[in-house]
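Reading through the structure tokens given below for one structure.
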2 protein chains.
Amino acid sequence: MMTVRQVSDKTGVSIRTLHHYDSIGLLRPSAVSEAGYRLYDEEALERLQCILMFRELQFPLKEIRRIMDSPDFDRNRALEQQITLLELRREHIDHLITLARGVWMLGVKCMDFKAFDTRKIDEYSEQARKSWRDTPTWQEYEQKHSGLSDEQEQAIAEGLMAVIGEFSPLRDQPAASPAAQAAVKRLQDYMTAHYYTCTDQLLKGLGKMYGGGGSFTENINQACGDGTAEFVAAAIAAYTA
Amino acid sequence: MMTVRQVSDKTGVSIRTLHHYDSIGLLRPSAVSEAGYRLYDEEALERLQCILMFRELQFPLKEIRRIMDSPDFDRNRALEQQITLLELRREHIDHLITLARGVWMLGVKCMDFKAFDTRKIDEYSEQARKSWRDTPTWQEYEQKHSGLSDEQEQAIAEGLMAVIGEFSPLRDQPAASPAAQAAVKRLQDYMTAHYYTCTDQLLKGLGKMYGGGGSFTENINQACGDGTAEFVAAAIAAYTA
DNA sequence: ATACACCATGACAAAACGTGAGAGTCAAGA
DNA sequence: TCTTGACTCTCACGTTTTGTCATGGTGTAT
């Protein structure tokens, strides 16, 4: 568990930035100390690394969050795009170096604005972003959340937590019990109503995220009582089997 | 002479950005049409190229302006730094590509934050900026303009134009005439009082800028009457001889 | 003349932090 | 135990560099 300063020193990300990422829900600390200090673990660092990768490619932070919090997030596709974009950027830098050297050593003054023109890169970047937004999942999310105030979004998120909270008193029953299965159904319905059509496939993904031992697990357990997250995961697993 | 759209299309810089650069005095249009349209010539494009080079290196726009408007602006030193910085950035990108490929193909999860850490680059960048600010010229400017409102800065700039305007009625006299030489002296004093100690050396640089046929020349001639800029340049040349 | 693409100014917005005030925390030493 | 100094927190406002209307004037081609 590292404090903000330690994370900052290790990663080069400013403390303010960590605060910022916390406040917009992009990177929540793994835990919060008695005194309210943010504490980050290895898993948070991993997420941060991923965030930085997207950020390096000029993705808006909000989109980074949406992408990474989505249960159908395809890491491989992301990396592939990222590599392509990085290679474009490298080419861009090479052009600039060539240009600068030309001006410097030969006094060339020919206008080579191609060197500065980032439109091709921006275009690819835009297309990459679009390729994420083009998934039906994203579309639906967009449609359901367009024109919603921050408080309303907050309310939806809290509503989701409440639905998950319903699992809490059922923990002593088997995951396949009718009560638990009904709760899974309600969770799926809530997701479908407020986020995107939650197919069994996506539900499965959600279950993995909740029970994976990561920040999702911890957040749920902290809010709804220890073991809730794992129980939800088990119930979902039973449901989708 | 190109309109904003044409410049935008050729360079990839947005129209809004051109407006902005005009409004902060970073890139003034070479001329303004009857109807107030901004018109840019080749020389403006050259300046724009230089601006973009600095911008690529994260210099704040205000500093870019100060640097480029200074008569002791050493373009070669600038280029040298720029090349170094670009090479650092290239190295950075290479690291990122390596990292991304590693994660992608080998599933490596080791935290290599060095790849994201831009502190070395920022550090060099900062040092580069500092190296411009460390000239006595800059120091003095900083000291004389610290705590001045925008209007006051404006007033000083207008005062300078007024001093230059004094040359206008002397244009039919020889550049070495006592009246012209006295005007040069007043110009030098004004610069020293409100900008930086204007040595004969710097004065010479100013003269070249004014008479060089560039935007300075045009601005002066537009404000004070055709031929004024060239006359000032000649008077300064006579003075520093 | 009227459509249509283009330009200007002005004002507001937004993204991603920076910065500073005011106040609480924590470990180490006098 | 008390203090000191380095950290931390939360507002809250500032900054930089554009993007985005709104409103209104230009220029030209049909």
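Worth saying up front: this structure is predicted, and the values here are computed from it rather than measured. Hydrogens, waters and symmetry mates are skipped; everything else that's a heavy atom, side chains included, is used. Below, chain A is the first sequence line, B the second, and so on; all start at residue 1.
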Inset, instruction - Take atom CZ of A/F54 and atom P of C/dA15, then tell me their distance rounded to the nearest Å. - result: 18 Å

Inset, instruction - Rounded off to whole Å, could you give me the CD-to-C1' distance for the A/E56 and C/dA16 pair? - result: 15 Å

Inset, instruction - Quickly work out the B/H20 NE2 to D/dG19 P distance and round it to whole Å. - result: 10 Å

Inset, instruction - Can you tell me the distance, in whole Å, between the CD atom of A/Q58 and the C1' atom of D/dG19? - result: 16 Å

Inset, instruction - Classify the side chain of A/R5 and the base of D/dT8 as holding, or not holding, a donor-acceptor pair under 3.5 Å. - result: no

Inset, instruction - Specify the separation, in whole Å, of atom CG of A/D122 and atom P of D/dT18. - result: 12 Å

Inset, instruction - Check whether any side-chain heavy atom of B/R89 sits under 4.5 Å from a side-chain heavy atom of B/E56, and report yes or no. - result: yes

Inset, instruction - Give a yes/no verdict on a cation-pi contact between B/R66 and B/W132, requiring under 6.0 Å between NZ or CZ and the six-membered ring centre and an angle within 45° of the axis. - result: no

Inset, instruction - Report yes if the side chains of A/K120 and A/H92 come closer than 4.5 Å at any heavy-atom pair, otherwise no. - result: no

Inset, instruction - Let me know, please, whether B/S33 or B/R55 comes out on the 5' side of the other along DNA chain D by nearest nucleotide. - result: B/R55

Inset, instruction - State whether A/R38 places a side-chain N or O below 4.0 Å from either non-bridging phosphate oxygen (OP1 or OP2) of D/dC9. - result: yes

Legend entry - Nearest-neighbour nucleotide for the A/T3 side chain, C/dC17, D/dT8, D/dT17 considered: D/dT8

Legend entry - Nearest-Å distance for atom pair CE/P, residues A/M2 and D/dC7: 14 Å

Legend entry - Polar side chain donor-acceptor pair, B/D122 to B/Q58, under 3.5 angstrom: no

Legend entry - Side-chain donor/acceptor of B/R16 to base of D/dT17, under 3.5 Å: no

Inset, instruction - For A/L18 and C/dT19, give me the distance from atom CG to atom C1', rounded to whole Å. - result: 17 Å

Inset, instruction - Choose from C/dC17, D/dT8, D/dT17 the nucleotide whose nearest atom is closest to any side-chain atom of A/L61. - result: C/dC17

Inset, instruction - Considering non-hydrogen atoms only, spot the tightest contact between A/D69 and A/M209 and give its length. - result: O-CE, 3.6 Å

Inset, instruction - Examine the base of C/dG24 for any acceptor or donor lying under 3.5 Å from a partner atom in the side chain of A/Y37, and report the outcome as yes or no. - result: yes

Legend entry - OP1 or OP2 of D/dT17 under 4.0 Å from side-chain N/O of B/Y21: no

Legend entry - Proximity to the side chain of B/H19 - top-ranked nucleotide from C/dT25, C/dA8, D/dT10: C/dA8

Inset, instruction - Send over the distance from B/L27 CG to D/dT17 P, rounded to a whole Å. - result: 15 Å

Inset, instruction - Take B/I15 and A/K62, find for each the nucleotide of DNA chain C with the closest heavy atom, and name the residue whose nucleotide sits nearer the 5' end. - result: B/I15

Inset, instruction - Compare the minimum distances between each of C/dA8, D/dT18, D/dG27 and the side chain of B/S14, then state the nucleotide with the smallest one. - result: D/dT18

